[in-house]
2 protein chains.
Amino acid sequence: MVADEWKPGRVVTLKDVARHADVSISTASRALTGQRNVQTELAARVWAAAEELDYRPNVAARGLRLARTMTIGAVFNRLESPVALEVFDGLGEAAHEHGYSVLVANAGGSAGEYQVVLQRLFDQRVDALVLYRPSGVEAQLQPFHDLGVPVVAVFARGPGSGDLPLVTNGPGAAIAQAVARLAELGHRSLAYLATPVEMRDNRTTHLREESAKYGIEFAMHPLLDDRDHASIGPVVHDVMSARHRPTGLFIRYRHVPGLLQALNAGGLEIPRDVSLVSFGDAEWLQSTRPPIATINVDGQELGRAAGRAVVEWIKGTAPPAVIQPSSAYWVDRASVGPAPA
Amino acid sequence: MVADEWKPGRVVTLKDVARHADVSISTASRALTGQRNVQTELAARVWAAAEELDYRPNVAARGLRLARTMTIGAVFNRLESPVALEVFDGLGEAAHEHGYSVLVANAGGSAGEYQVVLQRLFDQRVDALVLYRPSGVEAQLQPFHDLGVPVVAVFARGPGSGDLPLVTNGPGAAIAQAVARLAELGHRSLAYLATPVEMRDNRTTHLREESAKYGIEFAMHPLLDDRDHASIGPVVHDVMSARHRPTGLFIRYRHVPGLLQALNAGGLEIPRDVSLVSFGDAEWLQSTRPPIATINVDGQELGRAAGRAVVEWIKGTAPPAVIQPSSAYWVDRASVGPAPA
DNA sequence: GTGAAAGCGCTAACAT
DNA sequence: ATGTTAGCGCTTTCAC
């Protein structure tokens, strides 16, 4: 057989398949979508034709009819942290598994930009929205809510994110282990260096509670919400030159390079002068000297869970307020050592 | 005014706008798409109605009609290297600037997976395809070529990628600077550690040529194409325990952690025993001790260029075989020091 | 300049 | 069980 009338630049459509199999369009459609109201023999003919013509259904067209685009919108503030990447990876995996594609967008940071990004996703009529660490986006989500489009937050949700279902993990156990280890090594004063936004994380609560258990002092120190490494320097200097300076530091992954530079500049050595724990792991944290202990998150699993959640939601079953597919885990490395005398 | 007849779960459509402005659908369309054959007064009414109803055109529907989906497909082997991320970022930026969204997919590695990913993108009828470091995908691209869908490779293209237009940068100048610096510091023997695939990069050629200029010995050493850090150990051991061991090492970013571990395990220090240059930069390379010199690529610019190229191509003007928006640059850091005696 | 109508590719009544 | 028809939201002839 020969493809009936094929022009080079034209994509083969359901009509072509139907004609080639000598059935009506609707029969072809039914056969290909696997409905039962079609004779086995005809169905076979349709499938053969489709195969031969290399027919690929136009998802957009089907979406128009079904009011589903089979795309999931994902918004990241920037794919910068390893966790964000993992989440993206896992999300894609879960989405593809269910036939969805992922339309991803980076919102650089400003609210205005976020607005634009959401608008584009709305224009594309995504079937669901996955927001990584959203913050203050409640208002801009209204159009999606009006349409009943599922929206979930992943990893964390800042203030002003309304009551989006949150896909996250429980850092409690891992933080407990970390603090226990530090207590065991004689540490009596810990600190968490974080930007004001980050401080709202439940990590803060856990750190405080666990520290209290051992009678350990715990303090938070605000970091500028700045990308510049240097900006961390003064804070570290202040913290470490105080009379009662902490002997154990917790800090988010993205600030580690800056922190290392700052400590280095101050002549402070890890773990001799201060122990260090990073929230978030990466390959290179294992090859620094010393390797840096982490409290880590299985971002991929988070992403997968988020994907599954929205797909289920699309099908009708709304998720609970919090989904916790896995727990963070504690990775002990040489950056955690005995408290200095 | 009040939204005529608005049901909660329904999205406002062009029809709604037309009715609200009391014009025909086609006039509304013309007004909103900014065609001239429409009275100023009517146009104003239409715009007002659109504004009031918060009308957002359905891109998919428009796409169906115009045979353009306004999406660009991007395929990464995995968003793992910092450059890949930057490229993605830049691509998104350029795409959005021109009204396109980016449908991104990760192909884990196997050819089969790549096939599936491409198929999904085809089903979504992406208007163009951007492939990051593609290799051996020529055959699977046929459907896109048949349809005249623009496809470009970014950063590099492996064997079997046909004659895809390539968006890349010229590493020549930067490599020349690096080798010059090493020569100046007395190095007489350099090596490039890379997986067999990576060795096909034009970096190899440049390294060889530049080394030759100074009469410097240059050797390539194959790495297993493995994600496991440990697998690099034996190779490093072999290379560094040879009688004529190199005093300067070039290696791709992603292998740096493994290399550092291996050198560390072998009791070798940078730059005392060997100097190191990484292809590809990252924040943490500045905060290791010593900081690691790099030959770096402006991935973002690459991504932007790729985006611009496919958009232009969609509009009709095919790109040249190679687009080189910027050059790689040499970043001297303390990992490059005097050759050991 | 404006509206009516056709049609992009597909699915889902509705007829038979 | 199959074909005919309508219509998803939009643009664009084609008449007037």
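Heavy atoms only: backbone and side chains are in, while hydrogens, waters and symmetry mates are out. A, B, ... follow the sequence lines: proteins, then strands. Residue 1 opens every chain.
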Checklist entry - Atom CZ of B:Arg68 and atom P of D:dC10: how far apart are they, to the nearest Å? => result 15 Å

Next on the checklist: Measuring to OP1 and OP2 of D:dG9, would you say a side-chain N or O of B:Asn58 lies under 4.0 angstrom away?
Outcome noted: no

Item to check | Spacing of B:Arg120 atom CZ and B:Gln115 atom CD [to the nearest 0.5 Å] | outcome: 12.0 Å

Checklist entry - For A:Lys15 and D:dT4, what is the distance between atoms NZ and P respectively, to the nearest whole Å? => result 13 Å

Checklist outcome for this item: Whole-Å distance, B:Arg36 CZ to D:dT11 C1', equals 16 Å

Next on the checklist: How many whole angstroms separate atom CG of B:Asp16 from atom C1' of D:dC8?
Outcome noted: 13 Å

Item to check | Phosphate contact (D:dC10 OP1 or OP2) by B:Thr13 side-chain N/O below 4.0 Å | outcome: yes

Next on the checklist: Any side-chain N or O of B:Ser24 below 4.0 angstrom from OP1/OP2 of C:dT2?
Outcome noted: no

Checklist entry - Between atom CG in B:Leu66 and atom P in C:dG7, what is the gap in whole Å? => result 17 Å

Next on the checklist: Just by distance, no angles: are the side chains of A:Asp123 and B:Asn58 close enough, under 3.5 Å, to form a donor-acceptor pair?
Outcome noted: no

Next on the checklist: Measuring from the side chain of B:Asn37 (C-beta onward, heavy atoms only), which nucleotide among D:dC8, C:dG3, C:dG1 has the closest atom?
Outcome noted: C:dG1

Checklist entry - Under 3.5 Å, is there an N or O donor on one side and an acceptor on the other linking the side chain of A:Arg30 and the base of D:dG3? => result yes

Checklist entry - Does the side chain of A:Arg62 get closer than 4.0 angstrom to OP1 or OP2 of C:dT11 through an N or O atom? => result yes

Checklist outcome for this item: Against the side chain of B:Leu64, the closest entry in C:dC8, D:dT11, C:dC10 is C:dC8

Checklist entry - Taking CG from B:Leu32 and P from C:dT2, how many angstroms apart are they, rounded to a whole number? => result 14 Å

Checklist entry - Taking OP1 and OP2 of C:dG3, is either one under 4.0 Å from a side-chain nitrogen or oxygen of B:Thr27? => result yes

Item to check | Toward the 5' end of DNA chain C, by each residue's nearest nucleotide, A:Tyr55 or B:Thr40 | outcome: B:Thr40

Checklist entry - Using a cut-off of 4.0 Å on non-hydrogen atoms, how would the nucleic acid contact of B:Leu14 be classed: base, sugar-phosphate, or nothing? => result base

Checklist entry - Under 4.0 angstrom, heavy atoms only, what part of the nucleic acid is B:Leu42 near: base, sugar-phosphate, or nothing? => result sugar-phosphate

Item to check | Distance-only donor-acceptor test (3.5 Å): side chain A:Ser26, base D:dT5 | outcome: no

Item to check | Phosphate contact (C:dA12 OP1 or OP2) by A:Ser29 side-chain N/O below 4.0 Å | outcome: no

Next on the checklist: Can you measure B:Arg65 atom CZ to D:dG7 atom P for me and round it to whole angstrom units?
Outcome noted: 18 Å

Next on the checklist: Looking at every heavy atom in both B:Val310 and B:Leu129, which two are closest together, and how far apart are they?
Outcome noted: CG1-O, 4.2 Å

Checklist outcome for this item: The side chain to side chain contact (heavy atoms under 4.5 Å, CB included) partner of B:Leu121 among B:Ile72, B:Val116, B:Val75, B:Thr71 is B:Val75

Next on the checklist: Does A:Gln35 reach a base, just sugar-phosphate, or nothing at all? Heavy atoms under 4.0 Å.
Outcome noted: sugar-phosphate

Checklist entry - So, for A:Leu91 and A:Ala74, which heavy atoms are closest and what is the spacing to 0.1 Å? => result CD2-CB, 3.7 Å

Checklist entry - Can you check the B:Gln124 CD to C:dG9 P distance for me, whole Å? => result 16 Å

Next on the checklist: side chain to side chain donor-acceptor pair (under 3.5 Å), that's the test. Do A:Ser24 and A:Thr27 meet it? Break it down for me.
Outcome noted: CA-CA 5 Å; A:Ser24 78; A:Thr27 303; 3.1 Å; yes

